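Note that the numbering runs from 1 along the sequence shown for the chain. The structure presented is a predicted model; accordingly, all values stated were derived computationally and were not measured.
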Amino acid sequence: QLQLVESGGGLVQPGGSLRLSCAASGFTLDYFAIHWFRQAPGKEREGVICISSSGGSTNYADSVKGRFTISRDNAKNTVYLQMNSLKPEDTAVYYCAAQRGLCRIHYDMNYWGKGTLVTVSS
C-alpha cells in the first residue's frame, strides 16, 4: 500500500519546538519533492514549506521563515519538519504531500498523508 504517514504532532507551549515526520511506505521518496501544508480551524489549507528531490527547500509561508526548517533522510524514507519558536497561530493539522521532482505547489500532488494535529497553547 502506497502511503504517507505523518507523526510527531501534539500539544506544545508557545515558544516550544516540535519535529514532525513524514514517512513513506510502499514507494521511495528519493525522486519526490515533499511539501508540508497546514490547515487551521476555520481556515483554508496553506502551503508551508517544501523540499525538492535534490534537497533544495522552498518556503511558502512568510510567517514560518526563520522558525521552520525541512530536511530529508532518504535512507529512512522520511522527511522532517522542525518547528521552533512555535506560536498559537501555528495551531493546525499538518499534512505532508509527495510530488514527483520539483516543488510546484500549484500542481497536483501524487500522494497525501492524513495529517497530524499540532496545538500550541499554554
Side-chain angles (χ1 to χ4, degrees):
Q1 186 175 2
L2 308 179
Q3 61 179 354
L4 292 173
V5 179
E6 303 93 338
S7 62
L11 174 64
V12 62
Q13 292 187 342
S17 298
L18 280 177
R19 188 178 77 160
L20 305 184
S21 299
C22 172
S25 62
F27 68 104
T28 178
L29 290 180
D30 291 21
Y31 303 107
F32 287 84
I34 303 298
H35 301 253
W36 283 98
F37 293 84
R38 67 184 180 183
Q39 187 165 18
K43 295 188 177 181
E44 293 188 353
R45 186 176 63 200
E46 68 168 341
V48 177
I49 196 167
C50 177
I51 187 166
S52 70
S53 57
S54 61
S57 64
T58 302
N59 270 91
Y60 298 127
D62 288 341
S63 62
V64 308
K65 287 180 180 178
R67 299 189 298 123
F68 289 13
T69 57
I70 190 170
S71 61
R72 64 192 302 152
D73 185 340
N74 287 346
K76 295 183 178 179
N77 219 24
T78 301
V79 169
Y80 303 99
L81 178 64
Q82 178 67 43
M83 305 186 296
N84 298 328
S85 301
L86 283 161
K87 304 175 181 180
E89 51 264 42
D90 295 317
T91 295
V93 177
Y94 284 73
Y95 302 88
C96 64
Q99 182 181 50
R100 288 188 178 87
L102 301 176
C103 295
R104 298 171 296 179
I105 193 171
H106 299 296
Y107 289 74
D108 289 343
M109 302 294 144
N110 297 103
Y111 305 103
W112 284 90
K114 294 182 178 180
T116 185
L117 176 63
V118 172
T119 303
V120 185
S121 175
S122 55

Any donor and acceptor pair, going by atom type alone, linking the side chain of [X] with main-chain N or O of [Y] inside 3.5 Å?
X     : Y     : result
Asn77 : Leu29 : yes
Arg72 : Ser52 : yes
Glu46 : Ala61 : no

Before giving the answer on ring-ring contact (aromatic ring centres under 6.0 Å, His included), spell out for Phe68 and Trp36 the whole-Å C-alpha distance, their side-chain angles and the decisive distance to 0.1 Å.
-> CA-CA 11 Å; Phe68 289 13; Trp36 283 98; 9.8 Å; no

Aromatic ring proximity Phe32/Phe27, centre distance under 6.0 Å | yes

Can a side-chain donor-acceptor contact be found between [Y] and [X] if the only test is distance below 3.5 angstrom?
X      : Y      : answer
Thr78  : Asp73  : no
Arg38  : Tyr94  : yes
Ser121 : Thr119 : no

Set of salt bridge (charged side-chain N to carboxylate O under 4.0 Å, His left out) partners for Asp62, sequence neighbours left out | Lys65

Could you tell me which residues satisfy salt bridge (charged side-chain N to carboxylate O under 4.0 Å, His left out) with Arg67, sequence neighbours excluded, listed by chain and number?
-> Asp90

ILVMFWY cluster, Val64 and Tyr80 together (side-chain gap under 4.5 Å) | no

Linking I/L/V/M/F/W/Y whenever any side-chain heavy atoms sit under 4.5 Å apart, do Val118 and Leu81 land together?
-> yes

Can you check whether His35 reaches Ile49 side chain to side chain, under 4.5 Å on heavy atoms?
-> no

Are side-chain heavy atoms of Ile51 and Val79 found at a separation under 4.5 Å?
-> yes

Contacts of type side-chain hydrogen bond (donor to acceptor under 3.5 Å, both in side chains), residue Thr28, not counting sequence neighbours = Asp30

Gap between atom [atom2] of [Y] and atom [atom1] of [X] - 0.5 Å precision:
X      : Y      : atom1 : atom2 : answer
Ile34  : Ile70  : CD1   : CD1   : 7.5 Å
Tyr111 : Cys96  : OH    : SG    : 13.0 Å
Cys50  : Leu102 : SG    : CG    : 9.0 Å
Leu2   : Asn110 : CG    : CG    : 10.5 Å
Glu89  : Lys87  : CD    : NZ    : 5.5 Å
Ser17  : Gln82  : OG    : CD    : 5.5 Å

Salt bridge flag under 4.0 Å for residues Lys114 and Glu6 | no

